[in-house]
Amino acid sequence: MTSQKTGHNFTKIAFKPLHTNLFNIVLLSIFLTIGSAKLYSQDIIKKTTAIPTKAQTDTTKIVTGNPENSITDLKIETDSIKKDTVKPKKAFLDGKVKYRAENYAKIDQKKKLITLYDKAELYYQDVELKSGIIVMDYEKNEVYAGRIKDSTGAYTQYPNFKQGANVVEPDSIRFNFKTKKALIWNSRSDQGEFKIKAAITKKENDSVYFLKKARFTTSKDVDNPEYYFQTNKVKFIPGKKVVTGLTHMVIANVPTPVALPFAFFPMSKETSVSGLILPSYNDSNTRGFSLQNGGYYFALSDNYDLTVLGDYYTNGSYGMRFESSYAERYKYRGNLNVRFENLITSERGYPDYSKQKIYNIQWSHSKDSKSNPNSSFSASVNLGSSKYFKQSINQANIGSNLNNTLSSSISYSKTFNSVPQVRMSLTATHSQNTQTEEINMTLPTLQVSVDRLYPFVGKDGVKKGFFKNINLQYNLSGKNSIITTDSLFFKPEMFRNAKTGIEHTIPLSTNFKLFKYFSASSSFNYKEVWYTKTINRSYDDEQSKVVDNIVNGFDAFRTYSFSSSLGTTIYGTFNFGANKKIKSIRHVMRPSVSYGYTPSFEKYYDTYASDATGTMIKQYSRFEGGIFGAPGISNSNNLGFDLSNTFEAKVTDKDSTKVEPKKIMLLNNLNLSTSYNLNADGVTSLAFSPVRVSGGTQLFANKMNVNFGATLDPYAIDNSGTRINVFNIDNGGSLFRMTSANMTLNYAISSKEKDKVKKDKNVQSERNGGREDDLFGTNTDLSDNRRSQFDESEEEGEDAISEFFSAKLPWDMTFAYSLTYGNNNREKKIIGNSIMISANADITPKWKAGVSTGYDFVQKGVTFTQLRFERDLLSWRMDFNWTPFGTNANWGFFIGIKSGVLSDIKFDKRSSTNR
């Protein structure tokens, strides 16, 4: 027996393929030779005695090189000596074997063993084995790997066995290279979201394992999990499935009565697999017992899927939902949700019995701009019953409930790279008021625009001056507008009163400098409108009233107008001194004057009889009620005034190392605007329009947004509240009469240095018609409660503990205040005054709490209020949210496993809202 100590060297053994067992060829090729074997290295040549056999009569050379910290090949080379007629036995290796050991590598020729000790590594084909000790029996074609003890007597260097994509981390392993069978003790393996540990594992082949005394968990620590599923018999097919015998759940090492006679766990390597979605049990005082959110998930392909969910209540109520996501890389992505609910309240025969059907359709689609830069397609659809978010049994979205508008848009655009360039877009829009249940739709809107043409620009392309800047453009807008209600949506009546029209506009404009400091512009606009329907107004003797009769057929009108503007920019700087804290204030003013004139188009107006006498005194236009309006009967001759201001300051920076002063914004904008009617007669119209003042700024490091506005009327009013042609100052009042004013404050702060990331749940809430912030609470989709109510970023381990003891716990707060003043008819009262606050905080690294509330000082009552709590239970999550009062009063409790694989293991209990 001989031994070889390798130290830190990494040795690789290379063989010509002879096709039998694993390590026999390493030693048998050395000793089972006819001649003598020579061992060569780079500096030393050693001699060894060959052992002749009947199977081998030629002389074999074994050449090795083993310099420090290098990989050396051990090769079998055949001499030119004539071979025996007896065929040699085939060796078992099919490729190269590499091994290394920190302490030593020992070869026992008598026992046919090779021992690698301390940080041992073995590589052969698709097998990678690392362990404290590795023992190879090259006669039995087996390898054994196990842990070793350190100086303190503790076990270290556990085996790590990897074959292909499967990794096993046991206490010890025994593996046969020929049969591919293995015995594994205390194996640990990751399979998707599952972590598996088994006392004994038998590897039958590359695709089938049998496990004894196994546990399955999604906990991060498989050796000390907070919960697991215990079973004695398991058949495990990596990447596909796990089939077990009697299985029961263990929580905190305490067995629970939750058990199954058998269990099946899918473990596909695919991103998703089809499967059943188990429903959750609930009950309601008005609808009875229920099973909710049960259904089936269809993994149709890598590009799209489908989820079908359903609910059923014992009083006959039911709901269906179809949810699909689709995507194709570098082309597009989107999702489609269709929801329908048949809601029955109480029982037939009771006075509170009611029955209604509600639905909601959501579709979002976005196209990758890289797929075709000259065209785009996008969709954002949210339509359905106006009462869906108020009465749905599967939505707890207060923001959507309080929102009065649902909107949708589907658009396609394309750019034609012609000369001049042409842009075309086709859009369908939808706007729905959930209070009045009125729906406005355009199906569709066509927009075509031709790029500007400069007919008087020379070959040098310079556009300078009044003449060369003259440009021409063409725009086309075609609309088909529909106004309907919930009850008539997509019924034949919906399309009967549709309005269709096409508008052509040709603006001719120019701009130029005047007196060096003034910017001037002028434009002449031509407009032509085509309609397919007009009206004929007349007095109907049978109905004894004036009626409008629809006249089908093409008709058109043409108008034109003129406008011009003159503006400049004035800069003013007030210096306070270099040694002052406020060094200077800069004021930028941008005054502008505009003039617009539109003549009267009285030729498009007719008279009609207003009563039975046939008196023709009133005028109307047959184009009234058209989608693009009607031409004006009187001319418009207005002067407009506008002044915008910005204020910024230079102050001494708090950082003494900074040389330059710091710039801060005092007022982002302060705008004043009004107009003067040159045709005003003082009776039917007044000359000056009210002055509108608006402004805004940001305070506290841009965390607080402040916006304000006021309307100032120079005219007085009479006792009935009608504006009269008398200035307010001449009527014993001030120069201006404030008719309305408003102010809003929005303040968002957080303990985090970086800006708060928009949460996925709030994106969903906003898309459903809710708000981005938490002022109206958080959105809860009852079909998936695994999502956190708070920011889902988690801090684990020592960092979270250290933050707890240093009192650096994450928190955020959103504050909103609104004040509205009304004095349109001398009422001089505050008509709106409310404050809303939303705050979230981590009480401990595992406990989170949040509140949304507010107070209305006018109505003297608390606004919407929600309390929410959440506990991170490592692999589990528990939350509780409570709306204590109001029409939306409800509570909900949830505890369940975070992992999507075991999302059906949960307890979810919620009360029904008072609506």
Report the C-alpha separation of Ser689 and Ser675 in whole Å, then their side-chain angles, then the decisive distance to 0.1 Å, and conclude whether the side chain to side chain donor-acceptor pair (under 3.5 Å) test is met. CA-CA 6 Å; Ser689 64; Ser675 63; 2.9 Å; yes

Go through the steps for Asn440 and Ser431 under the test side chain to side chain donor-acceptor pair (under 3.5 Å), then give the verdict. CA-CA 5 Å; Asn440 289 275; Ser431 178; 5.5 Å; no

What orientation do Phe727 and Tyr715 show, parallel under 30°, tilted 30 to 60°, or perpendicular over 60°? parallel

Is a side-chain donor or acceptor of Asn469 paired with a backbone partner of Asn511 at a separation under 3.5 angstrom? yes

Are Phe456 and Phe467 an aromatic pair, judged by ring center distance below 6.0 Å? yes

Flag, side chain of Ser838 to backbone of Thr814, donor-acceptor distance under 3.5 Å: no

Please check this pair: side chain of Thr510 against backbone of Phe466, looking for a donor-acceptor N/O pair closer than 3.5 Å. yes

Any donor-acceptor N/O pair, Lys703 side chain to Ser750 backbone, under 3.5 Å: no

Val691 side chain reached by Phe736 side chain, heavy atoms, under 4.5 Å: yes

Looking just at side-chain N and O atoms, do Asn645 and His587 make a donor-acceptor pair shorter than 3.5 Å? yes

May I ask you to check whether Asn881 and Arg868 show a side-chain donor-acceptor distance below 3.5 Å? no

Any chance the rings of Tyr676 and Phe688 have centres within less than 6.0 Å? yes

My understanding is that only one of Ser509, Ser561, Ser563 makes a side-chain hydrogen bond (donor to acceptor under 3.5 Å, both in side chains) with Ser523; could you say which? Ser563

Donor-acceptor side-chain pairing of Ser565 and Ser521 below 3.5 angstrom: yes

Test of ring centre spacing under 6.0 Å for Phe515 and Tyr517: no

Please assess Ile506 against Asn525 for the test side-chain contact (heavy atoms from CB on, under 4.5 Å), listing each intermediate value before the final yes or no. CA-CA 6 Å; Ile506 303 177; Asn525 296 283; over 6 Å; no

Contact check, side chains of Thr442 and Thr427, non-hydrogen atoms, under 4.5 Å: no

Val422 and Val448: CA distance, side-chain angles, deciding distance, side-chain contact (heavy atoms from CB on, under 4.5 Å) verdict: CA-CA 7 Å; Val422 179; Val448 178; 4.1 Å; yes

side-chain contact (heavy atoms from CB on, under 4.5 Å) between Asn637 and Tyr595: does it pass, once the steps are laid out? CA-CA 8 Å; Asn637 197 11; Tyr595 171 73; 2.5 Å; yes

Full working for salt bridge (Lys or Arg N to Asp or Glu O under 4.0 Å) between Arg871 and Asp879: CA-CA 6 Å; Arg871 169 67 176 175; Asp879 72 42; over 6 Å; no

Under a 3.5 Å distance rule, please check whether Ser852 uses its side chain to pair with a backbone N or O of Gln866 as donor and acceptor. no

Nearest-0.5 Å distance that lies between atom CE in Met589 and atom CG in Leu643: 7.0 Å

Can you find a side-chain donor-acceptor pair between Asn746 and Tyr817 that sits under 3.5 Å? no

Any donor-acceptor pair under 3.5 Å linking the side-chain atoms of Ser411 with those of Ser409? no

For Asp842 and Pro845, indicate whether the former's side chain and the latter's backbone hold a donor-acceptor pair under 3.5 Å. no

